[in-house]
Amino acid sequence: MRAFAALIDRLIYTRSRNSKLALIADYLKRTPDPDRGWAIAALTESLDFPAVKAAMVRALLAERVDAELFRLSRHFVGDTAETAALLWPEPAGMARDDFPVSHAVAALTAATRSDAPAILAGLLDRLDADGRYALLKLALGGMRVGVSARLAKQAFAQAFDVDVDAVEELWHAIPPPYTSLFDWGEGRAARPDLADTPFFRPFMLAHPLEDGQVDLADYAAEWKWDGIRVQIVQAGGETRIYSRGGEEIGGAFPEIVAAFDQHAVIDGELLVRGDAQGGEAASFNALQQRLGRKTVSKKMLADYPAFVRVYDLLALDGADLRGLPWHDRRARLERFIDRLPASHFDLSQVISAHDWDDLATRRDGARDAAIEGVMLKRRDAPYIAGRRAGLWYKWKRDPLIADCVMMYAQRGNGRRASFYSDYTFGCWTADGELLPVGKAYSGFTDEELKWLDKFVRNHTLARFGPVREVEKTLVLEVAFDSIHASKRHKSGLAMRFPRIARIRRDKPAEEADRIDTLLAMAT
């Protein structure tokens, strides 16, 4: 645990991506199995201990330290694990020791709701502050050390001099602690055979289209649908649905799993119908009702019926098609789509445009609830993992803009823990009431963050735990991709990807936009 704690500590204070890669690669080469596998799973949020929750940690602290001290410390530090690690009293007469990461994983995995508090407390008693922090982050998740799953895979590839795309494919097919993956990486075993495993293939991604336009004759244009990108894989008699990050989400969409009965791999956009009678795609807000659910009721299936708009065919009947040019894969996809039920799958159509002006007009006029722009795909391009220059481009619609009034602010996390960086904002009703319409925590510079933080502190009206209500005097120009009707919010609206575009210090709050203006934008 001590080596894992040291790794976390160094990652926190290392900003350079290459330095993070070197730190993780060195740890993987020096650390034996299975500790290194469990450690990398923890760094990439791949562990879950159902019996250990943040509320339990808070309850343990309440038995050991003054409740007000913990509350004030947590408010200042901004992180439960770090606060608990620092405040945890060291038992008199008990020497600090070390134990493997695998020992902690085994203990927490076996823990039940009844004995988890005693097990976790016993482990914490044996560690120093750094070790306690590492253990709590492992147990609770939310590392926030600037390590994405992709970075971890690249570190593995760097450590053992193997292809990162091969690592990506194996990663999602092998459970932690990834013993067979390390055996292959270190040359002790052949690459694991995935022939009968529905494994994840890394997605091909697009670059934003810049001002320098490409030759439209070389590219096919498709709508960029506003759902979630998925990959559906069937092999060995099993069907899985993967999200863009490689997470298996089939449990939330059992009807799609049941409907895909072909030995194939497709790339597409997961959407829901606009109505139960098989209408067009609804907004992303409708899809959100289905995301993240472990079980789905019959009512949910009926109210939000899911379907997949298919973009690409990556494999068919055991043959890998990714090396073929797009136009060849497209021709095969157009023949293959008839093998799938139309109730749950359809084909993403190619847009016919005469020239750039024609395509621009079509893009700008497409305010459909589920369209956010245009994709351009080079006709002779193979399907290559990641972003490769010159192959795929995304040409998103210009964002919608609204002037809103800051209402509440909350502290951020990680390096923003000491700043009020998350802002809830609203617009006016016809009766002069200010109602929340969204929340944003991005779009501003570090200097603007300091100014906003100072504004919040100097204009606080009330405190509600970590949240401050502020004077309704500051106008924020908010950019967002789309806005939809929502029964969950008092304003009746929900924004998609809101971000702060500009701080309007020049504009009086009473001149901010009205709810009616946003309702007119809603799709």
Side-chain angles (χ1 to χ4, degrees), residues 1-8 11 20-21 23-53 81 99-111 116 119-120 123 131 134-160 162 164-186 188-194 197-202 233 238 240-251 294:
M1 184 60 71
R2 190 172 292 133
F4 179 52
L7 173 64
I8 291 175
L11 287 171
K20 287 181 185 289
L21 279 171
L23 285 171
I24 299 171
D26 183 62
Y27 176 86
L28 295 178
K29 287 188 289 187
R30 290 188 296 103
T31 306
D33 292 323
D35 271 29
R36 58 185 175 180
W38 291 123
I40 205 71
L43 287 175
T44 56
E45 307 290 338
S46 301
L47 297 180
D48 180 38
F49 304 103
V52 184
K53 302 297 180 186
F99 49 81
V101 175
S102 55
H103 174 76
V105 170
L108 296 175
T109 300
I119 290 173
L120 181 61
L123 294 171
L135 174 65
L136 288 169
K137 281 299 185 183
L138 180 145
L140 298 176
M143 282 285 178
R144 297 195 181 96
V145 292
V147 176
S148 65
R150 180 67 178 177
L151 188 75
K153 295 161 194 170
Q154 289 174 322
F156 184 101
Q158 181 174 306
F160 305 114
V162 291
V164 68
D165 291 334
V167 175
E168 181 93 58
E169 292 185 356
L170 294 168
W171 191 279
H172 297 280
I174 300 170
Y178 311 116
T179 304
S180 60
L181 185 67
F182 282 103
D183 287 344
W184 165 71
E186 293 185 323
R188 295 190 302 274
R191 172 176 166 155
D193 183 7
L194 303 181
T197 303
F199 67 92
F200 172 75
R201 281 83 167 164
V233 186
E238 181 183 1
R240 294 181 185 174
I241 304 177
Y242 290 105
S243 69
R244 177 168 156 171
E247 177 186 5
E248 211 289 309
I249 60 171
K294 294 183 179 179

>> Counting only heavy atoms not in Arg244 (residues, nucleotides, ligands), do more than 12 fall under 6.0 Å from its CZ?
In response: no

> What heavy-atom pair brings Gly142 and Lys137 nearest, and what distance separates the two atoms?
Replying inline: O-NZ, 2.7 Å

> Going by heavy atoms in the side chains, are Phe199 and Pro192 under 4.5 Å from each other?
Replying inline: no

> Quick one: are Val52 and Ile119 in side-chain contact, heavy atoms under 4.5 Å?
Replying inline: no

> Shortest non-hydrogen contact from Tyr242 to Pro198?
Replying inline: OH-O, 2.6 Å

> Does the salt bridge (charged side-chain N to carboxylate O under 4.0 Å, His left out) test come out yes or no for Lys153 and Glu168, once each step is laid out?
Replying inline: CA-CA 7 Å; Lys153 295 161 194 170; Glu168 181 93 58; 2.6 Å; yes

>> Would you compute the distance between atom CD of Glu169 and atom CD1 of Ile174 and round it to the nearest 0.5 angstrom?
In response: 11.0 Å

> With no hydrogens and no angle check, is any side-chain donor or acceptor of Lys20 less than 3.5 Å from a backbone partner on Val145?
Replying inline: yes

> How about Phe200 and Trp171: are their ring centres within less than 6.0 Å of each other?
Replying inline: no

>> Given 3.5 Å as the limit, does a donor-acceptor pair link the side chain of Arg240 with the main chain of Val233, or not?
In response: no

> Would the Phe156 and Phe182 ring centres measure less than 6.0 Å apart?
Replying inline: yes

> Of all heavy-atom pairs between Asp193 and Thr197, which one has the smallest distance, and what is that distance?
Replying inline: O-OG1, 4.5 Å

> Can you check whether Val167 reaches Gln154 side chain to side chain, under 4.5 Å on heavy atoms?
Replying inline: no

>> Once rounded to the nearest 0.5 Å, what's the spacing between atom CG of Leu108 and atom CG of Asp48?
In response: 11.0 Å

> When rounded to the nearest 0.5 angstrom, what is the spacing between CG in Leu151 and CG in Leu43?
Replying inline: 9.5 Å

> Rounded to the nearest 0.5 Å, how far apart are CZ of Arg188 and CG of Asp183?
Replying inline: 4.5 Å

> If you measure from CZ on Phe4 to CG on Leu135, what distance do you get to the nearest 0.5 Å?
Replying inline: 9.5 Å

> What's the spacing between His172 NE2 and Glu248 CD if we round to 0.5 Å?
Replying inline: 11.5 Å

>> Could you check whether any side-chain N or O of Glu45 sits under 3.5 Å from a backbone N or O of Met143, counting only pairs where one atom can act as donor and the other as acceptor?
In response: yes

> Which atom pair, heavy atoms only, marks the closest approach of Ala104 to Leu123?
Replying inline: CA-CD1, 4.4 Å

>> Quick check: closest heavy atoms across Ser102 and Pro34, and the distance to 0.1 Å?
In response: CB-CG, 3.7 Å

>> Between Lys29 (side chain only) and Phe160 (backbone N and O only), is there a donor and an acceptor less than 3.5 Å apart?
In response: no

> Can you tell me if Thr44 uses its side chain to pair, donor with acceptor, with the backbone of Ala41 under 3.5 Å?
Replying inline: yes

> Taking all non-hydrogen atoms of both residues, which atom of Ala51 and which atom of Ala111 are closest, and how far apart?
Replying inline: CB-O, 3.5 Å

>> side chain to side chain contact (heavy atoms under 4.5 Å, CB included), that's the test. Do Leu170 and Tyr178 meet it? Break it down for me.
In response: CA-CA 9 Å; Leu170 294 168; Tyr178 311 116; over 6 Å; no

> Taking it one step at a time, do Val164 and Gln158 satisfy side chain to side chain contact (heavy atoms under 4.5 Å, CB included)?
Replying inline: CA-CA 8 Å; Val164 68; Gln158 181 174 306; over 6 Å; no

> So, Asp35 side chain and Val101 main chain: donor-acceptor pair closer than 3.5 Å or not?
Replying inline: yes

> Excluding sequence neighbours, so at least two apart, what forms salt bridge (charged side-chain N to carboxylate O under 4.0 Å, His left out) with Arg201?
Replying inline: none

